[in-house]
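Below: one structure, written as C-alpha cells.
We're numbering straight along the sequence, starting at 1. Read the numbers this way: they start at 1 and go in the same order the structure lists the ligands and their atoms. The structure displayed is predicted, hence computed values, not measured ones.
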Amino acid sequence: MQGLIMDYPLTLQHLLERSRKLYGRKEIVSWMPTGLHRYTYAGFYQRVGRLASVLKRLGVQKGDRVGTLAWNHYRHLELYFAVTCSGAVLHTVNIRLFPEQIAYIINHAGDRILCFDESLTPLLEGIRGELKTVQHYIALGEETTPPATSLHPVHSYEALLAGASPHYDWPHLDEHDAAGMCYTSGTTGHPKGVVYSHRAIFLHSLAETGVDSIGLSEQDTIMIVVPMFHANAWCLPFTATLAGSKQVFPGTHMQPRELAHLIQSERVTVTAGVPTLWIGLQQVLEQESYDLSSLHTILSGGSAVPRSLIETYERRWNIRIIQGWGMTEMTPLGTLSRLKSYMESWPEEERFAVRAKQGTMVAGVELKAVDEEGRDIPWDGKSQGELLVRGPWIASAYYRDPHSAERFHQGWLRTGDVVTIDPEGYIQIVDRTKDLIKSGGEWISSVDLENAIMAHPKVLEAAVIAVPHPKWQERPLACVVPRPEYRGEITGEEILAFLRDKFARWWLPDEVVFLTEIPKTGVGKFDKKVLRQQYERHIRPGSER
Ligand code: ADP
C-alpha cells in the first residue's frame, strides 16, 4: 500500500549512535584489577570505533564470529557494540563451563577471533590444541604488550586500539542479520547455540525500557552483576546504552561486600542478578552497615526467587525485588512480576504472594501452557502444563543442531518448565520438567518446598531433589544450608515441623541433610544435577508417604 511507514532497520547501530548523540557526558564505571576505571559514553564511542577498525584490519568479515571469554567490564561492553555494529557476531562464551565444553562451543560456533581476560589465560592454554578455527587471540588487559602465553598469535587489546583509527564507517546492516550468539549450559548432551538477530536485541532492549517492564531510564545507575557471558547479561548492557543510564560493572568483584561497597559508592539505583547473590548480600547487610538508600530495585531471576527474600528486602531496607523469568533461547526476558494497579491495595500477604510468582508476559511475548496431549490448560492458577512461548526475540531453532525440532513446535518454543497460570495471567513455575519429583505417580514441586524451607529463620539456602525409591519411584530429599550462626544447632525435625501445616503429608521430604553450601552452576543457580549424583544411592526403603 502506498504512503506506508518507513522500513527502518532495527539494528544496534541505532543504540550506539543514540548514546553518542545524547549521553556523551554519562559515565561507565568498571572495577578492574587495577582499581575503578571511569570514562564517558563519548570516550566509549571513540574506542568502539577503534575496535571496529581493528576487527576490520584483522580480516573479520560480516557474519564472522568473535568470541569473548570475559567478566563484566568496559572492554567487554566495547566488544558488545563494536562486533555487532560492524556486522560480525558476538559469541559470549560462558567461562564457567567445563574446558571441554568451552572447546566444543568455540569450534561449533567457528570463532575466528577470541578475546579473553588475562586471568583466564590458563583456561585457554589448556584447550589451545583443540581449537580449530581461532586465528587471533586478543588479551583484554591493561598492558600494551601481549602477555607471555603459548596462545598464538596473541595481541594486546590496548595496543591494537592505540594503533587504530577511531573513525569507522558503520556498514549498512539488515535487522535480520545475526548480532550475537550464546550457548545454553547443556544439562543433557552438548550445549546448544542460540543466535540473536539485531532486531531481536533491539526490540528486547526497547521492551526493557517500558515502565511496566523494567523501566530502565536515563535517571538510573545500573550495576550489571548478571554475567555478560550468559544470555547477554539479560540485555541490560544494550538497554542501558539505549537509555543512557550510568553503567557500573563489578569485574571479578562479585562478593557481597564488594557489591555493597559499589552500590554505596556509585549510588546505584538498579541492579540485577540471580537470587543466590542477594541471599549473600542479605547476610552482609544484616551484620554491617552500608548506605544503600540509592538502590530502589533489584531484578532477580534465572531460578525461583524465594518469597522470604522479597519480603525481607522490602521490609528491612525498602528495596523492591522484581522477579523475572526467561531463558537463553529468549534473549532472555519472558515475564516479570509486578503488581497491577488494583493489587496495590490488596492485603500485604496477597501482594507478596503475587510478587513471588514469575509474573506476566512482557509486551511482545506470547505464552500458553499445554498438557501432555498438547491441549491448552485453563488459566485457573491450578492446572499445570508445559510453558510454550513465542515472540520477536525468541529463537526458532538451535544453531546447526539436528535435534532442534524437539524443542520448537509449530512456531512455539517448548520451555521445559512446568507452570500454572492464574486468571490474572501470572505464571508460576512449578518446576523444570527434569527437577519435578515423581512420587507414586504424582508430582511434587521442588520449587515450592525450597521456597517454604528458605522462609525458616535459621535457613540460608535449600534445594530439594528427587532420590530414587523402590516403592514410590522417587521421594524428595531436602538439602539445607543453615545460617552460619545456627550451624549444628538446627535439626531435620525442626524443618519438617515447619513444613507440616503447609503441605500434604506425602509432599514432606523423607530426610533433611545439612550442607555447608549448595553446589552452584556456572551462573550461580543451585546445581541439582550435582546433588542428584551425590545422593543417587541415598535410599531409605523404610520411608513412608
Ligand atoms: P541454564 O540451563 O543454564 O539454567 P537458562 O539461563 O537459559 O540456562 O535457564 C533458563 C531456565 O531457568 C528456565 O527454563 C527456568 O527453568 C529457569 N528460570 C529462569 N528464571 C526463573 C525464575 N524466576 N524462577 C524459576 N525458574 C527460573
Using a 4.0 Å heavy-atom threshold (strictly under), name the region of Thr328 that reaches ligand 1: side chain, backbone, both or neither.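 Contact part for Thr328 vs ligand 1: both backbone and side chain.
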Part of Met327 with heavy atoms under 4.0 Å of ligand 1, whether side chain, backbone, both or neither: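 Both the backbone and the side chain of Met327 come within reach of ligand 1.
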Does ligand 1 have an atom that lies less than 4.0 angstrom from a heavy atom of [X]?
X	value
Asp417	yes
Gly326	yes
His230	yes
Ser303	yes
Pro332	no

Just jot down the ligand 1 atoms closer than 4.0 angstrom to any heavy atom of [X], in number order.
X	value
Gly302	12 (O), 17 (C), 18 (N), 19 (C), 20 (N), 21 (C), 27 (C)
Gln323	22 (C), 23 (N), 24 (N)
Lys525	1 (P), 4 (O), 5 (P), 6 (O), 8 (O), 9 (O), 10 (C), 11 (C), 12 (O)
Gly324	20 (N), 22 (C), 23 (N)

Shortest non-hydrogen contact from Leu299 to Trp278?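 Answer, listing the atom of Leu299 first, then Trp278: O-NE1, 4.1 Å.
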Do you know which two heavy atoms are closest between Asn232 and Pro237, and how far apart they sit?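 Asn232 and Pro237 have their closest heavy atoms at O-CD, 3.6 Å.
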Let me confirm one number: the OG-CD distance from Ser337 to Gln358, rounded to the nearest 0.5 Å.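 Going from the OG atom of Ser337 to the CD atom of Gln358 covers 7.5 Å.
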For atom 24 (N) of ligand 1, the option (of Lys357, Met330, Gln358) bearing the nearest heavy atom: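 Considering heavy atoms of Lys357, Met330, Gln358, the nearest to atom 24 (N) of ligand 1 sits in Gln358.
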Would you sort out whether Glu461 and Lys520 count as a salt bridge (Lys or Arg N to Asp or Glu O under 4.0 Å), showing the intermediate values? CA-CA 11 Å; Glu461 294 177 342; Lys520 313 259 176 8; 3.4 Å; yes
Are the side chains of His469 and Lys438 in contact, using a 4.5 Å heavy-atom criterion?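 The answer is no; the side chains never approach within 4.5 Å.
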How about Leu333 and Glu208: do any of their side-chain heavy atoms sit closer than 4.5 Å?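 Heavy-atom side-chain distance check passes, below 4.5 Å.
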Under 3.5 Å between any N/O of Ala304 and any N/O of ligand 1: does that happen in this structure?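 Ala304 vs ligand 1: N/O contact under 3.5 Å present.
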Tell me which one of Ile214, Asn72, Val225 satisfies side chain to side chain contact (heavy atoms under 4.5 Å, CB included) with Leu236.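 Looking at Ile214, Asn72, Val225, the match for Leu236 under the side chain to side chain contact (heavy atoms under 4.5 Å, CB included) is Ile214.
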For Leu79, run the side chain to side chain contact (heavy atoms under 4.5 Å, CB included) check against Thr92, Leu90, Ile113 and tell me which one passes.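 The single option meeting the side chain to side chain contact (heavy atoms under 4.5 Å, CB included) with Leu79 is Leu90.
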Filter on ring-ring contact (aromatic ring centres under 6.0 Å, His included), then keep only pairs touching residues 353-397, sequence neighbours left out; what's left?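 Every pair satisfying ring-ring contact (aromatic ring centres under 6.0 Å, His included) with a residue in residues 353-397: His204-Trp393.
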